[in-house]
Every structure is written in structure tokens, then in C-alpha cells.
Engineer: 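Take a look at this one; I'll ask things after.
Within every chain, numbering begins at 1; the chains are lettered A, B, ... in the order of the sequence lines, protein sequences first and strands thereafter. Values below: every heavy atom of this structure, side chains too, minus hydrogens, waters and symmetry copies.
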Amino acid sequence: MPELPEVETIVRDLRPHLRGARVAEVRLGHPSVIRHPDPAAFAAGLAEARLGTIRRRGKFMLLDLAGPRLTAGSVLVVHLGMSGTLCLADPAEAERRHTHLRLRLDRGRELRFVDPRRFGRLLLGRPAELQRLGRLPRLGREPLGPAFAADWWAGVLHASRRPLKALLLDQAIVSGCGNIYADEALFLARLRPGRRADRCTAAQAEALRRALPIVLRAAIRSRGSSIADYRDGFGARGQAHESLFVYGRGGLPCVRCGAVLRRAVVAGRTTVSCPGCQR
DNA sequence: CACGACACCTGCCGGC
DNA sequence: TGCCGGCAGGTGTCGT
């Protein structure tokens with residue numbers, strides 16, 4: 001899926017086009033992507049709603065809403081799963097297969113959620129309420145925020161016997177990192193993905209903490225990785241996949257030392273790393 | 001409690 | 001050409 005850089009790119013693309021718009025028509029596709037409330041109430045809540053700002057939290061998108069049938073503080077929550085896209089389209093444009101939400105706006109454009117695999121999710125409600133109902137998970141710290149601090153990170157690693165990669169992928173610890181950028185950050189930090197967290201030195205822990213935002217910011221500058229399904233807020237591909245060092249390069253030479261990159265399963269996910277320069 | 005295995009889906013690619 | 005297995009950027013649940 002879209003990881004933090006992809007979601008951030010979409011949010012930045014959509015923000016100026018959504019803020020202040022009013023929903024003129026709601027159309028739903030497959031009901032299983034609507035996780036809260038039931039599809040009828042979901043559609044009714046969105047009808048006539050006024051859109052506010054859109055923001056990112058981890059891999060989630062939160063769109064502020066105000067409407068006649070909505071309680072104050074309601075948001076539309078979008079998670080793209082593995083194959084989801086959230087794009088602006090011309091209302092006259094033919095509907096792509098697997099379109100699960102169309103919000104026609106009064107500005108003559110339409111917001112569309114398309115997701116072939118249906119691992120993505122849509123929710124409507126107040127975030128605190130959704131969390132209380134167990135519909136939204138508790139998320140860990142934002143790797144691009146000030147709370148992603150050295151002492152906290154050192155403590156997290158010290159307290160865990162899990163592989164480093166498992167910690168990076170754990171959304172309750174770090175929110176927004178996924179399989180691509182976990183591998184890239186570990187490569188940049190020169191640390192093996194399977195390395196036990198509590199066996200890292202302080203310097204190694206700090207190298208990884210510094211590497212993650214570098215990798216994520218570079219990917220945002222390249223507008224995200226479009227390996228298969230990912231598209232930005234206007235339906236265009238990103239370029240970040242063109243400059244990945246390890247992800248998807250198993251069996252190819254390491255750009256840093258020339259060793260053959262190793263492909264393995266770590267924390268249940270396909271993982272690529274360099275046996276030559278990662279320890 | 002912490003962790004791994006598996007399920008949830010469709011599409012695409014390579015091998016036979 | 002077609003069928004089949006394997007694989008994919010994520011995460012929720014269940015069992016050990």
C-alpha cells in the first residue's frame with residue numbers, strides 16, 4: 001500500500017481542492033469497505049456535508065466535515081489498504097472498476113475512492129468515538145514529528161526483543177512506516193532487518209531513528225512510490241520507486257558495496273537487505 | 001503479554 | 001491460449 005509518503009502526497013494534492021466544497025451527491029460501491037456506520041447512515045451523513053481540511057495521521061486520511069446530519073467534529077476517515085486510491089476526477093469521467101465511493105462536489109469535480117482488493121476502509125464519525133468503538137487503532141508516534149525523539153526511541157528498542165523491522169512496521173509504535181520504507185531506512189542505517197532491537201547500541205538506534213525521516217522525506221519529494229496501484233490525488237504516478245536502494249531489488253547488486261542483495265522473510269514480510277553493508 | 005500464522009481480496013506475472 | 005501457483009505497498013483476529 002501506500003505508506004506515509006504516498007498518503008502525505010495525496011493529502012497535499014487534495015487539500016486546496018476540497019476545503020470549503022459541499023457534497024452534492026454520494027454514491028457507494030461495495031458495502032464491505034464502509035466500516036462505520038452502516039452504509040445507509042454513512043451515505044446519509046455525507047449528504048450535503050461541507051468539507052473542511054484534510055490531514056494525515058499515520059497511513060490514515062482524516063477529512064473534516066460539517067453537515068446537517070453530522071455531530072460536531074465528524075470526519076471522513078480513509079485508509080487505502082494495499083490497493084486503494086483517493087483521487088479527484090471529472091464527474092463525467094467513466095467510473096473505474098472497483099469504485100467504492102464517489103462524492104460529487106459543488107465545484108464540478110468529484111472525489112473517488114477506488115480499491116480493487118478492498119483492504120481499504122472508509123469510516124465516518126468523531127475520531128475519539130471511532131477509537132472508543134475499536135474501529136480505529138491507537139497509533140504510535142509520527143516519524144516526521146517532534147515526538148519521534150532520541151530518548152523515547154532508545155527506550156523502545158531497549159525494551160523489545162523483536163527484530164528492528166517488526167518495530168518499524170508496528171503502527172502502534174511508529175505510525176506510517178510500511179514495508180518499502182522500513183527496508184530503505186534499515187539500509188540507510190546499515191542495520192540488518194532481523195537484528196534484535198535490544199541488541200542495538202545507542203549509536204545504532206540513533207542511526208535508525210535519523211534514517212527513517214530522511215527516507216520518508218525523500219519519498220515525499222518524489223511524490224511517492226508507484227510500484228503497482230498507487231496514484232496521487234490527481235491519478236498520476238509518483239517517482240519514488242525509481243530511487244529505492246533495496247526494496248524490490250533482491251538478487252541485484254547493492255549500490256553501495258556491490259554485494260548481492262538478499263531477499264528473506266522478516267516479521268512476516270518480504271524483506272531485502274545487503275549482507276555486505278548492513279549489520 | 002508478545003508474537004507468529006492466517007485470513008481478507010483482486011490482479012498480474014511466470015511457468016507449464 | 002489457458003490454467004495454476006505465487007506474489008503484492010496492510011492490518012485485524014486468533015492461537016500459542
Engineer: Does A:Arg97 put a side-chain nitrogen or oxygen below 4.0 Å from OP1 or OP2 of B:dT10?
Structural biologist: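 Answer is no, no contact under 4.0 Å.
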
Engineer: Using 4.0 Å as the upper bound for N to carboxylate O, is an ion pair formed by A:Asp170 and A:Arg162?
Structural biologist: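 Between A:Asp170 and A:Arg162 there is a salt bridge, with a charged N closer than 4.0 Å to a carboxylate O.
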
Engineer: Any side-chain N or O of A:Arg263 less than 4.0 Å from the OP1 or OP2 oxygen of C:dA8?
Structural biologist: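 A:Arg263 to C:dA8 OP1/OP2: side-chain N or O found under 4.0 Å.
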
Engineer: Given the P atoms of B:dC9 and C:dC3, what is the spacing between them in whole Å?
Structural biologist: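 Looking at atom P only, B:dC9 and C:dC3 are 24 Å apart.
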
Engineer: Does the structure show A:Phe119 stacking with B:dC8, if we require the centres to be closer than 5.5 Å and the planes to be within less than 30 degrees of parallel?
Structural biologist: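 It does: the ring sits over the base of B:dC8.
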
Engineer: Return the nucleotide paired to B:dG11: Watson-Crick means purine N1 to pyrimidine N3 with N6-O4 or O6-N4, wobble means G-U with N1-O2 and O6-N3, both under 3.5 Å.
Structural biologist: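 Base partner found: C:dC7.
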
Engineer: Counting just side-chain N and O atoms, does A:Arg162 come under 4.0 Å of either OP1 or OP2 of B:dG4?
Structural biologist: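 So the side chain of A:Arg162 is outside the cut-off, no N or O lying under 4.0 Å from OP1 or OP2 of B:dG4.
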
Engineer: Under 4.0 Å between a Lys/Arg side-chain N and an Asp/Glu carboxylate O for A:Glu142 and A:Arg56?
Structural biologist: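 Between A:Arg56 and A:Glu142 there is a salt bridge, with a charged N closer than 4.0 Å to a carboxylate O.
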
Engineer: Rounded to whole Å, please give me the gap between CZ in A:Arg121 and C1' in C:dG12.
Structural biologist: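 Nearest whole value for this atom pair: 8 Å.
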
Engineer: Under 4.0 Å between any heavy atoms, over every strand shown, what does A:Asp229 touch: base, sugar-phosphate, or nothing? Just pick one.
Structural biologist: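 Base contact.
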
Engineer: Distance check needed: B:dC12 P versus A:Met82 CE, whole Å only.
Structural biologist: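 These atoms are roughly 15 Å apart.
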
Engineer: Less than 4.0 angstrom between a side-chain N/O of A:Arg269 and OP1 or OP2 of C:dG10, yes or no?
Structural biologist: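 For C:dG10, OP1/OP2 do have a side-chain N/O of A:Arg269 under 4.0 Å.
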
Engineer: What does A:Gly268 touch in the nucleic acid at a heavy-atom separation under 4.0 angstrom: a base, only the sugar-phosphate, or nothing?
Structural biologist: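 Nothing: the residue A:Gly268, judged by heavy atoms under 4.0 Å, touches no strand.
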
Engineer: From the list C:dG10, C:dT11, B:dT10, which nucleotide is the closest neighbour of the side chain of A:Asn179?
Structural biologist: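 Given the options C:dG10, C:dT11, B:dT10, the side chain of A:Asn179 is closest to C:dG10.
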
Engineer: Specify the separation, in whole Å, of atom CG of A:Leu130 and atom P of C:dT11.
Structural biologist: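 Interatomic distance, CG of A:Leu130 to P of C:dT11: 17 Å.
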
Engineer: Have A:Arg126 and A:Thr71 got a donor and an acceptor in their side chains that come within less than 3.5 Å?
Structural biologist: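 The answer is no; no qualifying pair exists.
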
Engineer: Looking at A:Arg118, I'd like to know whether one of its side-chain N or O atoms comes within less than 4.0 Å of OP1 or OP2 on B:dT10.
Structural biologist: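 Yes, A:Arg118 has a side-chain N/O under 4.0 Å of OP1/OP2 on B:dT10.
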
Engineer: Quick test of your reading of the model: are A:Asp183 and A:Arg269 salt-bridged, counting only N-O distances below 4.0 Å?
Structural biologist: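 Looking at A:Arg269 together with A:Asp183, the answer is no, because their closest N to O distance does not fall below 4.0 Å.
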
Engineer: Among C:dG12, B:dC3, B:dC8, find the nucleotide with the atom closest to the side chain of A:Ser160.
Structural biologist: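 Closest nucleotide to the A:Ser160 side chain: B:dC3.
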
Engineer: In this structure, how many angstroms lie between the P atom of C:dG12 and the CG atom of A:Leu169, rounded?
Structural biologist: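 Those two atoms, CG and P, are 14 Å apart.
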
Engineer: Return no unless some side-chain N or O of A:His79 is found under 4.0 Å from OP1 or OP2 of C:dG10.
Structural biologist: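 Answer no for this pair, as no side-chain N or O of A:His79 is under 4.0 Å from OP1 or OP2.
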
Engineer: Could you tell me the Watson-Crick or G-U partner of C:dT1, where both distances fall under 3.5 Å? Say none if there is no partner.
Structural biologist: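 Its partner: none found.
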
Engineer: C:dT11 and B:dC1: how far apart are their P atoms, nearest whole angstrom?
Structural biologist: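 It comes out at 22 Å once rounded to the nearest Å.
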
Engineer: Does OP1 or OP2 of B:dG11 have a side-chain N or O of A:His98 closer than 4.0 Å?
Structural biologist: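 Yes, A:His98 has a side-chain N/O under 4.0 Å of OP1/OP2 on B:dG11.
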
Engineer: Measure the distance from CZ on A:Arg161 to C1' on B:dG4 and round it to the nearest whole Å.
Structural biologist: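 It is 15 Å, rounded to the nearest whole Å.
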
Engineer: Rounding to an integer number of Å, can you tell me how far A:Ile173 CD1 sits from C:dG10 P?
Structural biologist: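 Computing the A:Ile173:CD1 to C:dG10:P distance gives 16 Å.
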
Engineer: C:dG10 P sits how many Å from A:Asp183 CG, rounded?
Structural biologist: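 Taking atom P of C:dG10 as the reference, CG of A:Asp183 is at 10 Å.
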
Engineer: Could you check whether any side-chain N or O of A:Arg195 sits under 3.5 Å from a backbone N or O of A:Arg279, counting only pairs where one atom can act as donor and the other as acceptor?
Structural biologist: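 Present.
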
Engineer: Remember a base hit wins even if backbone is also touched, and classify A:Thr270 as base, sugar-phosphate or nothing at under 4.0 Å, heavy atoms.
Structural biologist: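 If one applies the 4.0 Å heavy-atom cut-off, A:Thr270 turns out to touch the sugar-phosphate alone, with no base involved.
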
Engineer: Less than 4.5 Å apart, side chain to side chain, heavy atoms only: is that true for A:Leu124 and A:Val77?
Structural biologist: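 Side-chain contact under 4.5 Å: no.
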
Engineer: Any side-chain N or O of A:Gln171 below 4.0 angstrom from OP1/OP2 of C:dG10?
Structural biologist: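 False: A:Gln171 side-chain N/O out of range (4.0 Å or more) of C:dG10 OP1/OP2.
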
Engineer: Quick one: A:Leu168 CG to B:dC3 P, roughly how many Å, whole number?
Structural biologist: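 For the pair A:Leu168 CG and B:dC3 P, the rounded distance is 14 Å.
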
